[in-house]
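Below you'll find the structure, written out as C-alpha cells, and then a few comments.
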Amino acid sequence: DKVNRVVCPQALRVLRLRPGRRFTRVGRLAHEVGWKYQDTIKALEEKRKVRAAAYFERRKASEALRRKAVDQGRQQHSTPLLA
C-alpha cells in the first residue's frame, strides 16, 4: 500500500455496463466452481487493510511534522521585505 493506486477508466464497471445489466465478481465465480482460497484471500486482505491504515497514520503524522518544520523554517529565514 505504499504504491499509489491508479484507476483504469476503461475497466470500470459503471462505465462499461449499461444500467440494469447483470454482473459478477471473478472471486465468487471461481469459488463456486471449486477455488479453495477465498477465505485465505479475505484474511490476507484484512491484514493488508490493517497494515495500510497504520502506514497511513504514520505517514500523516510524518507529513504534519514536515509541514510544521517547513513553516518554522520559512518564518525564521524570511526577510521582512519579501514577506
Side-chain angles (χ1 to χ4, degrees):
D1 288 273
K2 296 173 184 145
V3 176
N4 284 338
R5 297 184 75 162
V6 294
V7 174
C8 179
Q10 293 87 357
L12 290 175
R13 184 181 76 229
V14 295
L15 297 179
R16 301 308 300 170
L17 289 181
R18 268 193 327 212
R21 283 292 202 182
R22 297 175 62 139
F23 64 93
T24 188
R25 298 184 193 272
V26 175
R28 188 183 70 92
L29 193 61
H31 179 69
E32 289 178 1
V33 296
W35 189 55
K36 304 181 291 283
Y37 302 103
Q38 190 176 29
D39 295 332
T40 304
I41 295 298
K42 187 180 282 188
L44 289 172
E45 186 68 10
E46 290 301 319
K47 281 173 56 176
R48 183 195 68 80
K49 286 181 181 180
V50 169
R51 286 195 312 265
Y55 169 76
F56 181 69
E57 290 301 320
R58 284 194 315 270
R59 182 172 162 209
K60 205 162 56 168
S62 168
E63 185 64 27
L65 283 173
R66 190 189 72 77
R67 200 174 303 121
K68 185 177 175 184
V70 168
D71 288 342
Q72 284 179 352
R74 281 194 183 132
Q75 288 174 356
Q76 287 177 352
H77 300 293
S78 65
T79 58
L81 295 175
L82 298 178

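What you see is a predicted model; the values in this text were computed from it and never measured.
As a member of the Ile/Leu/Val/Met/Phe/Trp/Tyr network built from side-chain separations under 4.5 Å, Leu15 groups with Val7, Leu12, Val14. Taking a 4.5 Å side-chain heavy-atom cut-off between Ile, Leu, Val, Met, Phe, Trp and Tyr, the cluster of Leu17 extends to Phe23. Other members of the cluster containing Val33 do not exist, because no ILVMFWY side chain is joined to it at under 4.5 Å.
Listed by chain and number, the residues in a salt bridge (charged side-chain N to carboxylate O under 4.0 Å, His left out) with Lys68 amount to none (sequence neighbours excluded). Taking the side chain to side chain contact (heavy atoms under 4.5 Å, CB included) definition, one finds that Gln10 meets it with Cys8, sequence neighbours left out. With sequence neighbours excluded, no residue satisfies side chain to side chain donor-acceptor pair (under 3.5 Å) with Gln76. Taking the side chain to side chain donor-acceptor pair (under 3.5 Å) definition, one finds that Gln75 meets it with nothing, sequence neighbours left out. Scored by the side chain to side chain contact (heavy atoms under 4.5 Å, CB included) test, Arg18 finds Arg21 as partners (sequence neighbours excluded). Partners of Thr40 under the side chain to side chain contact (heavy atoms under 4.5 Å, CB included) rule, at least two apart in sequence or in another chain, are Tyr37, Leu44. Partners of Arg74 according to the side chain to side chain contact (heavy atoms under 4.5 Å, CB included) rule, which considers only residues two or more places apart in sequence or in another chain, are Val70, Asp71.
In this structure, CZ on Arg66 lies 11.0 Å from CZ on Arg59, to the nearest 0.5 angstrom.
For the pair Glu63 and Lys60, the salt-bridge criterion is not met [side-chain N within less than 4.0 Å of a carboxylate O].
Counting only residues at least two apart or in different chains, salt bridge (charged side-chain N to carboxylate O under 4.0 Å, His left out) contacts with residues 24-44 comprise Arg28-Glu32.
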